[in-house]
Amino acid sequence: MALNSLERFVFEQSLRYPVLFRKLVRPQLYQRNHSDPELVHEAALKLLGDPVVIDTLNKHYSLLFKAPPELTIELAGRHIAPFGTAAGFDKNGDALEALSHVFGFQEPGTVVLYPRPGNPRPRVATDDAHEDLYNAQGFPSQGLDYFLANLTRYRNSTFRPRPSSIFVSICGLPPAEQHAVEFALKEMETLLTRIAPFADGFVWNPFSPNTAALSLLRKPEVFRETARLMWKHAEQKLRLVKMGPYEPDTAEATDSLKLVEAFLEGGGHGVVLVNTKAFPKDQVPVKTWGYPSAGRSGRFLKPYRLRAVRDIRQAFPQAVIIASGGISDGLDAYETFKAGATALEGYTPYTYHGYGLLAHIARGVAYHLQAEGYKNLEELQKQVRHGASLAAT
Ligand SMILES: Cc1cc2nc3c(=O)[nH]c(=O)nc-3n(C[C@H](O)[C@H](O)[C@H](O)COP(=O)(O)O)c2cc1C
């Protein structure tokens with residue numbers, strides 16, 4: 001599907017005015033795709049292969065936003081804009097080139113070793129009033145070979161005015177049988193060795209709420225071992241683990257800190273906070289939801305995200321923290337940096353507001369930094385880390 005000139009004009013304007021995306025472009029996409037959020041997402045990713053769309057994104061972001069110098073951070077050996085795509089957004093690396101015109105980094109995946117369809121559809125639902133999504137996708141993936149073909153094409157392409165860093169989300173899947181953890185770690189080893197030459201880093205994702213077998217991996221000894229494996233096969237790369245949300249003052253909160261501690265002890269650099277939160281079927285706002293539960297994402301995650309970022313920053317002042325969970329405006333983004341985030345990433349908010357949202361968020365962060373007297377984002381981050389180190393001693 002290619003855009004005609006009117007559609008191109010509207011798309012261009014929607015980058016400038018995200019409200020136009022929300023009120024006009026998004027409803028159109030839903031109308032054309034049977035109101036199925038997953039079909040809409042796939043159609044939108046396909047559009048990102050259109051050279052006209054790539055060109056529009058390139059021009060728009062070169063004009064309006066290209067990592068304002070005061071927001072640039074150093075991460076994994078590169079100076080980049082601290083805004084990225086969250087895992088699941090581009091599961092198979094189909095749109096790496098187009099998205100690299102917009103984002104400072106991307107987290108494609110979660111990539112698993114062998115192709116798997118995930119759960120039967122429909123398995124994604126929207127909650128427009130709250131700007132949330134519910135999903136029970138169950139790790140659909142085209143598998144490692146397919147993803148690697150996309151990643152190597154991206155690496156070898158000559159288009160790149162400003163390539164974004166690629167932190168690949170991966171997971172070995174434990175079968176429900178004996179030696180399951182060893183099996184999952186073996187898969188991780190294959191994923192790491194084959195992807196490492198082409199990636200800037202990895203995010204291990206043992207926290208998808210829709211895949212029960214992953215709970216076998218959520219033990220300190222497995223976190224330590226996985227971090228060691230990541231260090232062994234990707235020594236020069238960024239190595240993170242994705243964590244789930246938790247309620248305050250619970251065993252879940254304490255366990256979460258212990259898991260992160262084990263991952264850092266094993267040689268990991270930090271965390272991505274937070275994954276979706278599991279909700280039971282009767283709380284999913286769709287009458288015919290076919291699964292016992294769903295992972296909810298979007299704005300409602302804000303308190304979970306902020307709390308987790310604060311907790312991890314206090315406990316581990318030097319850890320890398322990438323924050324996600326409904327980050328939808330400049331003030332919210334700024335507060336997340338103040339809580340201790342190194343960089344931010346998103347999925348759900350971009351499905352509601354389009355890519356123009358990023359320029360809006362970036363301008364907001366720059367505004368609040370200046371209003372509070374910081375020269376740049378790195379100065380704020382240094383101060384937050386210093387405060388956390390003092391509190392820890
Ligand atoms: C449909 C959908 C699929 C997702 N798939 C993945 C995934 O494969 N791996 C992963 O680590 N997180 C996945 N996530 C979670 C997101 O990466 C992110 O952590 C979460 O949605 C919160 O951020 P957001 O509110 O910006 O979406 C998915 C989220 C959604 C909505």
Side-chain angles (χ1 to χ4, degrees), residues 36-42 44-45 83-94 103 105-112 116-119 121-127 130-143 147 167-173 191 201-211 214 217-218 240-246 271-279 284 291 294-306 308-309 321-329 332-333 336 341 343-355 357-358 361:
D36 176 342
E38 196 165 356
L39 285 182
V40 169
H41 193 71
E42 285 163 358
L45 278 184
F83 305 105
T85 55
F89 193 84
D90 182 10
K91 280 193 188 274
N92 299 296
D94 288 317
F103 295 94
F105 66 95
Q106 299 179 54
E107 193 187 323
T110 296
V111 180
V112 298
R116 45 183 273 137
N119 294 325
R121 302 179 185 211
R123 54 192 184 180
V124 180
T126 56
D127 175 355
H130 296 99
E131 296 193 358
D132 292 341
L133 288 177
Y134 290 81
N135 95 82
Q137 285 187 317
F139 270 57
S141 172
Q142 299 279 5
F147 173 73
F167 307 139
V168 184
S169 170
I170 55 172
C171 192
L173 294 177
L191 290 161
F202 290 95
V203 183
W204 175 45
N205 170 29
F207 260 96
S208 168
N210 304 304
T211 309
L214 291 184
L217 304 177
R218 299 200 280 267
L240 307 177
V241 62
K242 172 105 171 245
M243 302 295 293
Y246 54 80
V271 288
V272 176
L273 306 165
V274 288
N275 212 323
T276 57
K277 179 166 171 52
F279 272 67
V284 180
Y291 295 95
R296 184 179 176 189
S297 57
R299 281 181 189 270
F300 96 99
L301 280 171
K302 178 177 177 176
Y304 294 93
R305 178 217 327 138
L306 283 172
V309 170
I321 300 177
I322 298 183
S324 70
I327 301 169
S328 308
D329 61 63
D332 189 13
T336 312
L344 313 179
E345 61 177 35
Y347 183 149
T348 310
Y350 292 99
T351 69
Y352 279 97
H353 301 283
Y355 303 116
L357 179 66
L358 178 54
I361 289 176

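Numbering of ligands and ligand atoms starts at 1, following listing order. One-based numbering along the sequence shown. This is a predicted model, so every value here is computed, not measured.
Between F83 and Y350, the ring center distance fails the sub-6.0 Å criterion.
No side-chain donor-acceptor contact under 3.5 Å links Q106 and E345. Using a 3.5 Å distance cut-off with no hydrogens or angles, the side chains of R305 and S324 do not pair a donor with an acceptor.
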- Task: Show your working on side chain to side chain contact (heavy atoms under 4.5 Å, CB included) between F105 and I322 and close with a plain yes or no.
- Result: CA-CA 11 Å; F105 66 95; I322 298 183; 3.9 Å; yes
What does the contact table look like for ligand 1 (nitrogen or oxygen on each side, cut-off under 3.5 Å)?
| residue | atom | partner | partner atom | Å |
| --- | --- | --- | --- | --- |
| ligand 1 | 5 (N) | K91 | NZ | 3.1 |
| ligand 1 | 8 (O) | K91 | NZ | 2.8 |
| ligand 1 | 8 (O) | T110 | N | 3.3 |
| ligand 1 | 8 (O) | T110 | OG1 | 3.4 |
| ligand 1 | 9 (N) | T110 | OG1 | 2.7 |
| ligand 1 | 9 (N) | N205 | ND2 | 3.2 |
| ligand 1 | 11 (O) | N205 | ND2 | 3.1 |
| ligand 1 | 11 (O) | K242 | NZ | 3.0 |
| ligand 1 | 12 (N) | K242 | NZ | 3.0 |
| ligand 1 | 14 (N) | A87 | O | 3.3 |
| ligand 1 | 17 (O) | A87 | N | 3.3 |
| ligand 1 | 17 (O) | A87 | O | 2.7 |
| ligand 1 | 17 (O) | K242 | NZ | 2.9 |
| ligand 1 | 19 (O) | K242 | NZ | 2.9 |
| ligand 1 | 19 (O) | V274 | O | 3.0 |
| ligand 1 | 19 (O) | S324 | OG | 3.3 |
| ligand 1 | 23 (O) | G325 | N | 3.3 |
| ligand 1 | 25 (O) | G298 | N | 2.9 |
| ligand 1 | 25 (O) | G326 | N | 2.7 |
| ligand 1 | 26 (O) | Y347 | N | 2.9 |
| ligand 1 | 27 (O) | T348 | N | 2.8 |
| ligand 1 | 27 (O) | T348 | OG1 | 2.6 |

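For R296 and Y134, the positive end is not near the middle of the six-membered ring at less than 6.0 Å and at most 45° from its axis.
Screening L240, V168, V271, T110 for a side chain to side chain contact (heavy atoms under 4.5 Å, CB included) with V203, the sole residue that qualifies is L240.
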